[in-house]
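What follows is a set of notes on a single structure, which appears directly below.
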There are 2 protein chains.
Amino acid sequence: MKNLTRRQSEILTFISDVISNEGMPPTRKEIALKFGFKSANSAEEHLKALDKKGYIDLHGGTSRGISINKSFLGIPIVGSVAAGSPLLAVENVEERIEFNGNIFSDSVDYFLRVKGDSMNEVGIVEGDLIAINKRKDVKPGDIVVARINDDVTVKTLFHLDKRKVILRPENKNYKDIEINPSIENFDIEGKCLGVLRNYN
Amino acid sequence: MKNLTRRQSEILTFISDVISNEGMPPTRKEIALKFGFKSANSAEEHLKALDKKGYIDLHGGTSRGISINKSFLGIPIVGSVAAGSPLLAVENVEERIEFNGNIFSDSVDYFLRVKGDSMNEVGIVEGDLIAINKRKDVKPGDIVVARINDDVTVKTLFHLDKRKVILRPENKNYKDIEINPSIENFDIEGKCLGVLRNYN
DNA sequence: TTTCATACTGTGTATTTATACAGTATTAAT
DNA sequence: ATTAATACTGTATAAATACACAGTATGAAA
């Protein structure tokens with residue numbers, strides 16, 4: 001898919017925002033107003049560019065006839081994470097789900113598909129999607145996504161300071177993970193906001 | 001809140017459907033077309049009635065300027081169910097959540113807040129919201145919402161025929177529940193489609 | 001009985017809106 | 001060096017749209 005220019009990206013974001021806030025797509029005039037364009041035709045041309053690149057669909061002859069191509073919408077689901085790759089790298093995104101609403105306490109940056117049973121005792125089981133916010137300011141008690149030497153893991157944060165980090169699996173068959181962040185490569189990738197599970 | 005007439009209700013439903021399918025509210029003409037009105041003014045008058053009754057907001061001078069009042073949108077969350085009352089009775093609905101998207105395999109009629117630990121071993125814990133579809137055609141293996149003599153419970157359906165129903169808790173501290181539907185008052189309220197959990 | 005809400009048709013029109021065409025200037029690609 | 005895409009202004013207009021006013025008919029409420 002073709003890349004967007006900065007301006008095009010801003011406009012796509014604006015359209016998406018208007019749809020979620022106002023419940024309908026903006027008119028050319030409203031776009032022009034927002035960006036200070038003196039001619040609605042500027043908006044028209046940006047829309048054509050976005051349409052041509054496949055990011056939106058324009059419905060000719062229809063007022064507010066703009067729909068956003070769904071494959072760019074929605075929250076990515078991160079499946080298996082290739083060692084050392086950024087979590088949100090395209091190769092890790094297995095699909096996207098349309099998802100809006102105020103279900104979780106903060107905005108969801110991505111969903112991570114759970115592997116293994118290390119969190120079974122708090123009701124997080126294999127295959128579950130956990131909602132992640134990319135914040136780094138986590139505190140003990142939070143369930144976190146952490147990266148230890150290129151491996152990504154989900155655990156409860158038990159202790160965190162400059163010398164020592166303790167991650168706790170919620171399953172008595174597993175032992176606590178103790179890390180020295182000054183020696184090992186350690187990073188907090190985000191905080192778990194909640195769980196989504198879909199039975200078939 | 002004032003009651004809607006059958007026609008008004010149909011129109012409200014149509015508006016809601018158009019918004020979710022087309023991504024924008026319909027015009028008066030589109031409403032008239034759908035219902036076979038020969039004049040767009042019929043749609044106009046229904047919209048005014050819906051606005052007056054508080055179900056929608058009309059944005060004057062704006063094409064497709066219809067927004068649905070959010071307190072009627074969203075999926076109800078059923079909290080504690082008063083014995084013998086219908087699940088979706090107003091007094092059982094603790095709130096509603098805005099929720100759209102194709103997250104679950106079927107449409108969600110309501111969310112039920114889980115009480116107790118009888119389903120712990122399949123990752124359904126106290127406080128979880130489980131997504132329910134009101135179907136009655138459930139099969140063994142499904143997690144179901146059942147009503148036994150005015151009590152509502154969530155269990156795995158293990159066996160179902162005219163003489164005997166077995167509901168299985170997913171926790172070894174609990175025993176199977178065996179019901180004779182010809183003697184006891186038994187009803188399937190719905191099927192569990194998935195789980196939603198929100199950490200704070 | 002009279003008023004009011006509902007549920008329409010039919011006509012008309014001011015505004016809103018999409019969208020084409022003609023320009024100008026800047027930057028990226030060939 | 002030349003072309004094409006980007007990013008705008010400015011003007012114009014056909015079509016889409018909201019919405020008012022004038023009717024007709026029915027049933028429910030006061």
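Computed over heavy atoms, backbone and side chain alike; hydrogens, waters and symmetry mates excluded. Chain letters run A, B, ... following the sequence lines, proteins first, then strands; residues in each count from 1. This structure is a prediction, so every number in the text was calculated from the model and none was measured.
B:Gln8 comes within 4.0 angstrom of sugar-phosphate atoms only, judged by non-hydrogen atoms across all strands, and of no base. Residue-level contact check: B:Ser42 touches the bases, meaning some heavy atom is under 4.0 Å from a base atom. Residue B:Ser39 is in base contact, counting any heavy-atom pair closer than 4.0 Å across all strands shown.
The CD1 atom of B:Ile56 sits 12 Å away from the P atom of D:dA18 (whole-angstrom rounding). If you take NE2 of B:His46 and P of D:dA18, they are 16 Å apart, rounded to a whole angstrom. At whole-Å resolution of the value, CG in A:Leu50 and P in D:dA7 are 10 Å apart. Between A:Glu44 atom CD and D:dT11 atom C1' the separation is 15 Å, expressed in whole Å. For B:Lys52 and C:dA7, the NZ to P distance is 13 Å, given to the nearest whole Å. Taking atom CG of A:Leu33 as the reference point, atom P of C:dT16 lies 13 Å away to the nearest angstrom. In this structure, A:Lys48 atom NZ and C:dC21 atom P are separated by 8 Å, rounded to whole Å. Nucleotide D:dA18 holds its P atom 14 Å from the CG atom of B:Asp51, rounded to whole Å.
Ion pairing of B:Lys191 with B:Asp137 is absent here, as no side-chain N (NZ or NE/NH1/NH2) approaches a carboxylate O to less than 4.0 Å. A salt bridge is defined here as a Lys NZ or Arg NE, NH1 or NH2 lying under 4.0 Å from an Asp or Glu carboxylate O, and B:Arg197 with B:Asp128 meets this definition. Looking at B:Lys136 and B:Asp187, a side-chain N of the basic residue comes within less than 4.0 Å of a carboxylate O on the acidic one, giving a salt bridge. With respect to the salt-bridge test (charged N to carboxylate O, under 4.0 angstrom), the residues A:Glu45 and A:Lys48 do not qualify.
Ring centers of A:His46 and A:Phe35: at least 6.0 Å apart, outside the cut-off.
No path of Ile, Leu, Val, Met, Phe, Trp and Tyr side chains, each step under 4.5 Å between heavy atoms, connects A:Phe158 with A:Val145, placing them in separate hydrophobic clusters.
To the nearest 0.5 angstrom, B:Ile124 atom CD1 is 5.5 Å from B:Ile130 atom CD1.
Side-chain atoms of B:Asn41 come within donor-acceptor range of the base of C:dT9, with a qualifying N/O pair under 3.5 Å.
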Listed pairs, N/O of protein and of nucleotides 14-16 of chain D, under 3.5 Å:
none

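Exactly one of A:Lys155, A:Lys134, A:Arg147 qualifies for a salt bridge (charged side-chain N to carboxylate O under 4.0 Å, His left out) with A:Glu189. That residue is A:Arg147.
With DNA chain D read from its 5' end, the first of the two nearest nucleotides for A:Lys38 and B:Glu45 is the one closest to A:Lys38. The nearest heavy atom of DNA chain C to B:Arg7 and to A:Arg28 marks one nucleotide each, and the one closer to the 5' end goes with B:Arg7.
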Dot-bracket encoding per residue of DNA chain D, Watson-Crick/G-U cut-off under 3.5 Å, | denoting interstrand: ..||||||||||||||||||||||||||||
A:Asp161 vs A:Lys164, salt bridge (Lys or Arg N to Asp or Glu O under 4.0 Å): CA-CA, chis, key distance, verdict: CA-CA 5 Å; A:Asp161 67 31; A:Lys164 192 165 73 173; over 6 Å; no
